[in-house]
Protein chains: 2
Amino acid sequence: MKPPRPNLSELARHLGVSIATVSNALSGKGRLSPELAKRIRDAADRMGYVPSQAGRALRTGRSGVLGLVLPDIGNPLYPEIAQEIERVATNAGYGVLIANSRDEIAAQDKAIFQLIERGVDGIVIVPRRGTTVPATACPIAIIDTPTTPRNTVSADHFEGGAQVARHLRALGHEKILLIGDDPSSNVQNARINGMRSQLHEAKEIETIWIVEIEAKGGKSCPLGLAAWRARGFSAFACVSDPHALRALTELQSAGIAIPAEATVTGFDNLQWSSFISPPLTTVKMNMPEIATLALDALVEAIQSREASDDTPSPPVTARKAAVPMELVIRRSSGPAPKEQPAAGISQEESKHA
Amino acid sequence: MKPPRPNLSELARHLGVSIATVSNALSGKGRLSPELAKRIRDAADRMGYVPSQAGRALRTGRSGVLGLVLPDIGNPLYPEIAQEIERVATNAGYGVLIANSRDEIAAQDKAIFQLIERGVDGIVIVPRRGTTVPATACPIAIIDTPTTPRNTVSADHFEGGAQVARHLRALGHEKILLIGDDPSSNVQNARINGMRSQLHEAKEIETIWIVEIEAKGGKSCPLGLAAWRARGFSAFACVSDPHALRALTELQSAGIAIPAEATVTGFDNLQWSSFISPPLTTVKMNMPEIATLALDALVEAIQSREASDDTPSPPVTARKAAVPMELVIRRSSGPAPKEQPAAGISQEESKHA
DNA sequence: TAGCGTTGATTAAACGTTTAATCACACCTG
DNA sequence: CAGGTGTGATTAAACGTTTAATCAACGCTA
């Protein structure tokens, strides 16, 4: 009842062989007879041997752990990223250490440093908007936007925006309001630029930023969308599902029917977007592929670093930098209403099922 | 330009002292003159010394890493938990390794095992509904519900439910629909039981489970809430914000005004719940305190385990098992409508601002 | 039969840290 | 001045693994 956790020497002693032989048998590296190898492997899992990561890490210089830096774990956008990174990493034999940069400019660098201190073999970073990732001694993959200077791989936010815009044009919308949250976000700008790229012939395109509105109206204040509707804007294209949700409920509770009287679209296909009423038209990232590309590149860099020096090097590059997004058409988007409502229309009028 | 990562012996050689002295100076453990200690510390961070976790872990037997097992990282409920655990753990000098049990019954055990394999010092588990956590060789904290047998600490979901119910009663609601997702969830049952505990004198209380409705109607199908409204149910109390969102939008798009004609409440105070229209009345967990309690207990267990044996022991117990929840009253809840609408009412009628 | 290549196993060093044990030395005390 | 007490530093072992180097034994060939 002494050793609930045998180690290599325990095993070796018990079997009457050397430590190296046991190590070789379990890793399949050295030369040894097949029958002895099998005998050792059997004994190993009979005795419940589990290798010490610490010992291995010390010897090999690699910990088998990757770091994941997220701007704000609480933000509903990132869990899906975390989920996929974790899945792919686990498949590749890596553990994932999380770090939260809490959306603060300094916290990101500190988080990265702490991960390195913990001995991670590589880091995946979803950068806080507008920050630059410091050069580090271990390989780094950056997931931001395809046009961000040192980006490794990301969704093609621009093309995703273009898809939304084409969808809205096909539905006949002429006056479209683009709703962003923060103009300093690379991702949001890419999406908005993508939308604008397809809307040159539209009658009127405007962009509003929620942080600017909230700076005046206070946190969670109304966005005044009913007024935009009254001015004839029939489509409200948001840079993320939570904002679409905000728009959708604000319009609904102002008595404007979706999609009959106004169209609302989002981005990211968050879990609840499919079961609200009406279900939200949105754009989905191919996170499994993004995660796979990022981690493939990262793992390759880690392995090639093998016996090399470890001077800071630029972020790794993936086989493909931009992964297409997928437009998910649901019922929150519909044909532009025929009649242009007169300006100053009351919220109470014009109601259909 | 050779050594971007000096180690203790490098430092020692450079300073002309022994390795042990350097170690002592940096840890403040042994006996040495203050001025030498300072000289060593200065040199250490001038040369950019960063200790090897691997070496330390091997020697001390502790990795400084905790594992966090979540049922489904993609679920919007868990990120906040992850965020707070990460925060508290970082403050306590621990790293957090995440593991996803993907809501599968087997994956949870595998995830736990993998964490142990990676050498974590302790594990925080938010158990998948209805599973039992296996006994392990390292300390474990379980966050589920206060009444779950081996629970360490959690929000007082029952009392939270009671608060919602008292709020609804105070508003005059007599016919209340409780909306759950999955009856096998401990948390959801606790919340529902808590609500029921305060509703004995109410006229009519019913509970519906979304998984059962979807089993018939398909994923994301309507819940048929307008019909319940027509039967006179004026309050729809959901076990989580996403379900409340589903209910709220379903009612709104059926032309039922919130809160004038129906009240909707949720749980968990997710980020978007404050800025939808109307803002959602919900109940908030005190995650910072829960995380603190769980980690305090865990860290204490880790330290007391010091030189002790490492036979499996039951989950750690916290100073306080149930942390009160906080009712957040917003505009989605309002007084019960005066007139009881006649049965079979059409969705089109009875509309106010 | 001496020499050689191959096979199957062992020896020993190394990774970087912590820490108990030791040591040299100076200072006090009886 | 012998013996005891601190002080400030060093020595050396240990954690568990990987792996290059070594070695014994054996079957071949020359």
Side-chain angles (χ1 to χ4, degrees), chain A residues 3-41 43-44 47-65 93 116-119 121 137 303 306-307 310, chain B residues 3-41 44 47-65 93 116-119 121 303 306-307 310:
Chain A
R5 298 285 284 277
N7 52 19
L8 276 190
S9 42
E10 192 107 19
L11 261 181
R13 195 162 41 73
H14 184 262
L15 285 161
V17 297
S18 78
I19 295 182
T21 302
V22 179
S23 175
N24 283 333
L26 296 180
S27 66
K29 285 268 180 72
R31 301 176 302 197
L32 47 73
S33 64
E35 49 274 21
L36 177 54
K38 173 155 172 34
R39 197 157 66 88
I40 292 177
R41 277 195 294 268
M47 298 175 63
Y49 169 74
V50 27
S52 152
Q53 280 294 328
R56 177 174 297 168
L58 181 55
R59 171 64 219 232
T60 63
R62 281 195 312 240
S63 62
V65 173
I116 293 181
E117 218 174 358
R118 285 239 132 69
D121 295 336
Q303 283 165 353
E306 195 79 17
D310 56 354
Chain B
R5 297 285 284 276
N7 53 19
L8 277 190
S9 42
E10 192 106 20
L11 261 181
R13 196 160 42 73
H14 185 261
L15 284 161
V17 298
S18 78
I19 296 182
T21 302
V22 179
S23 175
N24 282 334
L26 297 179
S27 66
K29 285 267 181 71
R31 301 177 303 198
L32 46 73
S33 65
E35 49 276 21
L36 177 54
K38 171 153 173 38
R39 197 158 64 89
I40 292 178
R41 277 194 294 268
M47 298 175 63
Y49 168 73
V50 28
S52 152
Q53 280 294 329
R56 177 174 298 167
L58 180 55
R59 172 64 220 233
T60 64
R62 281 194 311 241
S63 61
V65 173
I116 293 181
E117 217 175 359
R118 284 238 133 70
D121 295 337
Q303 282 165 352
E306 196 79 18
D310 55 353

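In what follows, every chain begins at residue 1, and chains take the letters A, B, ... in the order their sequences are listed.
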A/L26 and A/A44 have their tightest heavy-atom pair at CD2-CB, 3.9 Å

Donor-acceptor pair, distance only, cut-off 3.5 Å: does the side chain of B/N24 make one with the backbone of B/K29?
no

Please report the distance, rounded to the nearest Å, between CG in A/L8 and P in D/dT18.
6 Å

Compare the minimum distances between each of D/dT17, C/dT10, D/dT11 and the side chain of A/V17, then state the nucleotide with the smallest one.
C/dT10

Can you see which heavy atom on A/L32 is nearest to which on A/A37, and at what distance?
CD1-CB, 3.2 Å

Is the phosphate of C/dT18, meaning OP1 or OP2, less than 4.0 Å from a side-chain N or O of B/S23?
yes

Figure out the CD/C1' separation between A/E10 and D/dT17, and round it to whole Å.
15 Å

Any idea which heavy atoms bring B/S23 and B/L8 closest together, and the distance?
CB-CD1, 3.9 Å

Expressed as a whole number of angstroms, how long is the span from A/Q53:CD to C/dG16:P?
18 Å

Nearest-Å distance for atom pair CG/P, residues A/N7 and D/dG16
5 Å

Does D/dT19 have its OP1 or OP2 closer than 4.0 Å to a side-chain nitrogen or oxygen of A/K29?
yes

Result for 5'-nearest mapping on DNA chain D, choosing between B/V22 and B/L58, is B/V22

If you apply the rule side chain to side chain contact (heavy atoms under 4.5 Å, CB included), what do you find for A/V50 with B/I116, and how did you get there?
CA-CA 9 Å; A/V50 27; B/I116 293 181; 5.8 Å; no

B/S52 near the nucleic acid: base, sugar-phosphate alone, or nothing, with a heavy-atom cut-off under 4.0 Å?
sugar-phosphate

Closest nucleotide of DNA chain D for B/G55 versus for B/G16: which of these residues is on the 5' side?
B/G16

Distance check needed: D/dT10 C1' versus B/R13 CZ, whole Å only.
18 Å

For a quick test of reading the model: is some side-chain N or O of A/R56 closer than 4.0 Å to OP1 or OP2 of D/dG16?
no

Contact check, residues 31-40 of chain A vs DNA chain C, heavy-atom distance under 4.0 Å, returns A/R31, A/L32, A/S33, A/L36

Heavy-atom closest pair, residues B/S63 and B/G119:
OG-O, 2.6 Å

Hey, is the side chain of B/T60 poking within less than 4.0 Å of OP1 or OP2 on C/dT18, counting only N and O atoms?
no

From CG of B/L26 over to P of C/dG16, roughly how many Å is that when rounded to an integer?
16 Å

Protein-nucleotide distance (A/E117, atom CD; C/dG16, atom C1'), rounded to Å:
15 Å

Regarding A/K38 and A/E35, does a basic nitrogen lie under 4.0 Å from an acidic carboxylate oxygen?
no

Go through D/dT10, D/dG16, D/dT18 for me and flag the one nearest to the B/N24 side chain.
D/dT10

Whole-Å distance between D/dA14 P and A/I19 CD1?
13 Å

